[in-house]
Amino acid sequence: MSIYDTLNEKQKEAVFHTEGPLLILAGAGSGKTRVLTHRIAYLIENGINPWNIMAITFTNKAAGEMRERVNNLVEFGAESIWVSTFHSSCVRILRRYIDKIGFDNNFTIYDTDDQKKLIKDICKRLNIDTKYLKEKAVLAEISKAKNEMITPEDYALENAGDFGKKNIISVYKEYQEQMRKNNALDFDDLLVKTVELLRSNPEVLESYQERFKYIMVDEYQDTNTVQFLFIRLLADKYKNICVVGDDDQSIYKFRGANISNILDFEKYFENTKIIKLEQNYRSTKMILDAANAIISNNTARKEKSLWTEKDEGYRVIFRQIDSEYDEAEYVADEISQVVRKGIYSYNQIACLYRTNAQSRVLEERFIREGIPYKVIGGQNFYQRKEIKDLIAYLKTVENGRDEVAIKRIINVPKRGIGDATVDKIDTFAQANGISFYDALKNENAMAVIGRSASKIKPFVDFIQRLKAESEVMKISDIMEHIINETGYVEELKAEGTDEAKGRIENIGEFFSKIVDYEEKNENATLSGFLEEISLIADIDNLETENDYVVLMTIHSAKGLEFNKVFLCGMEDGLFPSYMSIGTDDTSEIEEERRLCYVAVTRAMDSLTITSARRRMVRGQTQYNAVSRFVKEIPRFIMDANVSAEKLSSSEGIIKPSANSNAKPIFKAKAFETRQYEVKKQDKLEYTVGDTVKHIKFGVGQVMDITEGGRDYEVTVDFVSAGTKKMFASFAKLKKM
DNA sequence: CAGCCATATCTTTTT
DNA sequence: GATATGGCTG
């Protein structure tokens, strides 16, 4: 008996195919993590040095789990496998070699917030009105370019004729220059600079090619162009690259994920072996059927058919409820009930939704009913104001060139150094070609500033002192020093509000995280700590052994599974998002549908879908129709509180009263899906009284046929399954 | 320069 | 509804 006996034939094939390029098309719940871990174990068993194995996962959590699972399979060596995310891998490489391309190895990492601040500064300097050109839009454009490995120069050339992009061209150029000056990298840069480094330094590239003789990439469908270039460079020498993905679960196009990475894999890597994993081990038949029905509406996909040996299970429950508050109440009641009955424990249940904003109402209800829960995502702990302020101090100590960090804290807490002064220093620094921090130390600069110069001196002295201390002191001691000297917590205490109290608590938590880091790492460094917290994802903190219900977006739920899943807010306009409905571009709606597919396939044995007739969005009441995705689920595998007619037409929606100023955001036309025309057969091949055969329920007699909204509804009395009502187009009844 | 009030914009998803 | 920004005043 070997550890591989539990694998199915296809899985074994994937595990034993160790040499050369391998593409595993793994459907949802088909055991791809099992394949990856067993494959690693197999490699090690066959004499491959764990040191030579690299596995790239989507989150740090997945990386940790993979290491643990490999650890359970092999005797030793699991700890020396390189398992991490793309971003962490790149940071590790860059920390070592980035000086070769003109950065300091102690570079800092900018999050979106920092990026925005920098962009704003640049626009101000370039006299670009951010009213007309939003920072967010610029940022998105720059990110898009970087994901495609387009430099500012290339970008300028490509868009030379486009007047509308003139400003973006100059901001992008200036942005990159400023990042270099600040010795900072953003998330995209981590990838871009690594590829740049590997391309321009053959000896570095070769050392990594030799190191990573066997490479595995999980969630491959969500890689973007730079990420692909990165792994292609690494795999170029030995070509032992194994990627696992599912085009139906590609949900990160908005972040630059390039689906052609999976569709064209074979073109880049000659002699690619392709293995499809189509047996699902996770979900019941009903849930799988629902998922398959939904995803089959997409046109751009590789055809595959997931199947399961599991039981039929329960039908998918659908409830349309009046408002989001009632929805929350329903979900909370259901949870309380199943837990009370002992059917599930809290940690077997998840609530998934499209947007982070939806968590609030659920949370309020859960608190009322005493349901333990944890929200994943939304605002990250490290993005909170007070935490970012303290991090900015640490960043300033670590990398004096980080302008965004210094500007953030120069007047926090208030030191009498206002915007005007900052501007003057900025101008001086620009004119004299020195950094902002150096300008602060420059006497000539202080002469220009006049009055508030006296305020700057103590600040600079303070930072200098901290810098000196950082050479010898622990991070926690420095932090303590910062908090005491700035009076940050004192100030909050004086405020006395609940909000301030919350902030103080957060600071306390931040402090314990520092201590925690110091305890876990023997050679704890400030830069190491900063790096860790900048790459941490909220999902990494999910501890499955704790007994709480998890609330998160579907994006965050990728790769996870739960016994019972609540899919909330299934309304047209919310999910699919109104952003994807308005456009002619069907690829947007198809991405939403894939997202829905991901959501449904998270459920192992119970799935409940809810939608609200009325919902507050941005302070306005919206009246939305049931999500089109719900309508794509065959009626006979659904247990709905809404009739077929109402589901398939707009009848289920409350019309806003005449004196209400709230308007439905969609015109009636939006509900009348075109599928109505396409799907409804002109004529059925059977009629009342005929004997028909159904694929699941067997033989029966047609009792009744009624014209539903978009389809015929057929009532059949089955010999063994009893009387069932179903849609003709889904039922696929055959006349006997 | 800081504090206060009015307003605008936001929400799709994240490493 | 909540938060960030901008303008105004002391």
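In this text, all values refer to a predicted model and were calculated from it rather than measured experimentally.
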Task: Base-contact (B) and sugar-phosphate-only (S) positions in nucleotides 9-14 of chain B, heavy-atom cut-off under 4.0 Å, - elsewhere - done: -BSBBB
Whole angstrom is fine here: how far is it from [atom1] in [X] over to [atom2] in [N]?
X	N	atom1	atom2	answer
A:Lys146	B:dT15	NZ	P	18 Å
A:Glu363	C:dA2	CD	C1'	15 Å
A:Tyr110	B:dT15	OH	C1'	18 Å
A:Leu94	B:dT15	CG	C1'	15 Å
A:Arg615	C:dG1	CZ	P	16 Å
A:Glu531	B:dT15	CD	C1'	14 Å

Open item on the list: I'd like to know if the side chain of A:Thr225 pairs up with that of A:Asn258 as donor and acceptor (distance under 3.5 Å, no hydrogens or angles considered).
Closed with: yes
TODO: For A:Asp111 and A:Tyr382, test the side chains for any donor-to-acceptor distance below 3.5 angstrom and give the result as yes or no.
DONE: no
TODO: Name the nucleic acid region contacted by A:Asn411, choosing base, sugar-phosphate or nothing; use a 4.0 angstrom heavy-atom cut-off, strictly under.
DONE: sugar-phosphate
Task: Residues in salt bridge (charged side-chain N to carboxylate O under 4.0 Å, His left out) contact with A:Arg602, at least two apart in sequence or another chain - done: none
TODO: Using the C1' atom as the reference point in each nucleotide, state the distance between B:dT11 and C:dG6 in Å, no decimals.
DONE: 23 Å
Open item on the list: Go nucleotide by nucleotide along DNA chain C from the 5' end; which of A:Lys385 and A:Arg360 gets its closest nucleotide reached first?
Closed with: A:Arg360
Open item on the list: Would you say that A:Leu197 contacts A:Lys193 through its side chain, given a criterion of any heavy-atom pair below 4.5 Å between the two side chains?
Closed with: no
Task: Ring center gap for A:Phe58 and A:Tyr252 short of 6.0 angstrom - done: yes
Task: Residues which pass ring pair (Phe, Tyr, Trp, His ring centres under 6.0 Å) with A:Phe629, listed by chain and number, not counting sequence neighbours - done: A:Phe575
- [ ] Specify the residue among A:Val422 and A:Leu535 whose closest nucleotide of DNA chain B lies further upstream toward the 5′ end.
- [x] A:Val422
